[in-house]
Amino acid sequence: MPELPEVETTRLGLQPHAEGHVIAAVTVRQPQLRWPVPDAIGHAVDQEVTRLERRGKWLIWRLSAGSLLWHLGMSGSFRVWHNPPAPGRHDHIDVIFDAGHVIRYTDPRRFGALLLGGSDPLAHPRLASLGPEPLGGDFSGQWLYRLGRGRRVAVKNFIMNAAVVVGVGNIYACEALFAAGIDPRRAAGRISLQRYQRLAEQIKATLGQAIEAGGTTLSDFTDSHGQPGYFAQKLSVYGREGQPCRACARPVRRIVQGQRSTFFCPRCQR
DNA sequence: AAAGACACCTGTCCGC
DNA sequence: TGCGGACAGGTGTCTT
């Protein structure tokens, strides 16, 4: 469920409950996530969380020694509890702090992951090959244009490739392409520098606005206090098959690319 | 090397 | 009301 804005919203919500606090215990009720949660996760006990960071859709918990690397997959979420209720079927992991509160990880589909990283978490194999942050200075239309040369893959799949740019998931890929007026089926190698500059701007704008709005609400996204985000009502094309394009009123189309739904306006997007 | 298919797993919704 | 099928925010791995 979470795309980058949802992960960033989660990070901001957890930060005051994690940074500066010492982990008293980690309870893993279900270790079978995307990869098995390592037994060595117990190394986190008695360590202080010094910083909570994000890289792409990974949450990085820097510890006094080492780090935790946490990914929410499709359906992961956290909640902070001061008096946690009995864990439910999908409440797989509790991080218990010495101050008494608990950060509980819930993930029905179990596509998420919790890994142990070293003192240089960005060097972990899962993070080392990630492309630039979309909201950072290394990401630009120039970058997309250069990387896209000679590529025949559809631009939508191209921008969802984490080696190209991290954090652009299915919703925001559709939204940014709409905002940039680019047909999602167009080959990555057949887009001008000028149009890539527009696309890069719109990726930044779309993600930035979603973060400000607290993440997208779909069926079940909530922040760390269980509150929904407020961006869903602003979506231009995602999930709007058959409904009128907000710009030209022609029906929004849905197609499938790389086994994922793509929503776009055939008139506004060329 | 690039691109596409498939895999992981559970829940929800829709049509019959 | 029940049942089967399609679909859902991600991404690593395998095959062409």
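A, B, ... follow the sequence lines: proteins, then strands. Residue 1 opens every chain. Since the model is a prediction, treat every value here as computed from it, not as a measurement. The figures here come from the full heavy-atom set of this structure, side chains too, leaving out hydrogens, waters and symmetry mates.
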**Q** Using modelled atom types only, decide if a donor and an acceptor are shared between the side chain of A:R198 and the backbone of A:A179 within a distance under 3.5 Å.
**A**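 Confirmed, A:R198 side chain pairs with A:A179 backbone.
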
**Q** Throw together a table of side-chain donor-acceptor distances under 3.5 angstrom for residues 18-26 of chain A, partners on residues two or more places apart or in other chains.
**A**
unit_1, atom_1, unit_2, atom_2, d
A:E19, OE2, A:Q15, NE2, 3.0
A:E19, OE2, A:L52, N, 2.8
A:H21, NE2, A:P16, O, 3.4

**Q** What does nucleotides 11-16 of chain C look like as a protein-contact string, B for base, S for sugar-phosphate only, - for none, at under 4.0 angstrom between heavy atoms?
**A** BBS---

**Q** In this structure, how many angstroms lie between the C1' atom of C:dC7 and the CD1 atom of A:I171, rounded?
**A**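 One finds 14 Å between C1' of C:dC7 and CD1 of A:I171, rounded.
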
**Q** Could you tell me whether A:K57 and A:E3 make a salt bridge, using a distance below 4.0 angstrom between a side-chain N and a carboxylate O?
**A**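 Salt bridge between A:K57 and A:E3, a charged N being under 4.0 Å from a carboxylate O: no.
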
**Q** Using the rule that Ile, Leu, Val, Met, Phe, Trp and Tyr join whenever any side-chain heavy atoms are under 4.5 Å apart, tell me whether A:I182 and A:L207 fall into a single cluster.
**A**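 Same cluster.
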
**Q** Without placing hydrogens or testing angles, list every side-chain donor-acceptor pair under 3.5 Å for residues 117-128 of chain A, not counting sequence neighbours.
**A**
unit_1, atom_1, unit_2, atom_2, d
A:H124, ND1, A:R126, N, 3.0

**Q** Just to be sure I understand: a Watson-Crick pair is purine N1 to pyrimidine N3 plus N6-O4 or O6-N4, both under 3.5 Å. Using that and G-U wobbles, which stems of three or more pairs involve DNA chain C?
**A**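 Detected stem regions: B:2-8 with C:10-16, B:10-16 with C:2-8.
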
**Q** Between A:R109 (CZ) and C:dA6 (C1'), how many Å, whole number?
**A**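 The answer, rounded to whole Å, is 12 Å.
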
**Q** Taking C:dC7 as the reference, what is the distance to B:dA5 when you measure between their P atoms (whole Å, please)?
**A**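 These two P atoms come out 15 Å apart once rounded.
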
**Q** Could you please spell out the steps behind the side-chain hydrogen bond (donor to acceptor under 3.5 Å, both in side chains) verdict for A:E48 and A:S64?
**A** CA-CA 5 Å; A:E48 179 188 334; A:S64 8; 5.5 Å; no

**Q** Using a cut-off of 4.0 Å on non-hydrogen atoms, how would the nucleic acid contact of A:Q32 be classed: base, sugar-phosphate, or nothing?
**A**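 Since no nucleic acid heavy atom lies under 4.0 Å of A:Q32, the category is nothing.
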
**Q** Between A:Y238 and C:dG9, is there a side-chain N or O to OP1/OP2 distance below 4.0 Å?
**A**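 So the side-chain polar atoms of A:Y238 do come within 4.0 Å of the phosphate oxygens OP1 or OP2 of C:dG9, strictly under.
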
**Q** Taking A:S236 for the side chain and A:E175 for the main chain, is one N or O donor matched with an acceptor at less than 3.5 Å?
**A**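 The answer is no, because no donor-acceptor pair under 3.5 Å joins these two groups.
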
**Q** So which residues get pulled into A:F264's cluster when ILVMFWY side chains under 4.5 Å apart are joined, directly or through others?
**A**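 For the cluster that includes A:F264, the remaining residues are A:I255.
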
**Q** Looking at A:E133 and A:G56, would you say the former's side chain and the latter's main chain have a donor-acceptor pair under 3.5 Å?
**A**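 Checking the backbone N and O of A:G56 against the side chain of A:E133, a donor-acceptor pair under 3.5 Å is found.
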
**Q** Going 5' to 3' along DNA chain B, which are the first and last nucleotides with any atom under 4.0 Å from a heavy atom of chain A?
**A**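 On DNA chain B, the outermost contacted nucleotides are B:dA2 to B:dG11.
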
**Q** What about A:Y196 and A:W143, are their ring centers closer than 6.0 Å?
**A**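 No, they do not, as the ring centres are separated by 6.0 Å or more.
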
**Q** Once you round it to whole Å, what is the distance between P of C:dG10 and CD of A:Q257?
**A**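 One finds 14 Å between P of C:dG10 and CD of A:Q257, rounded.
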
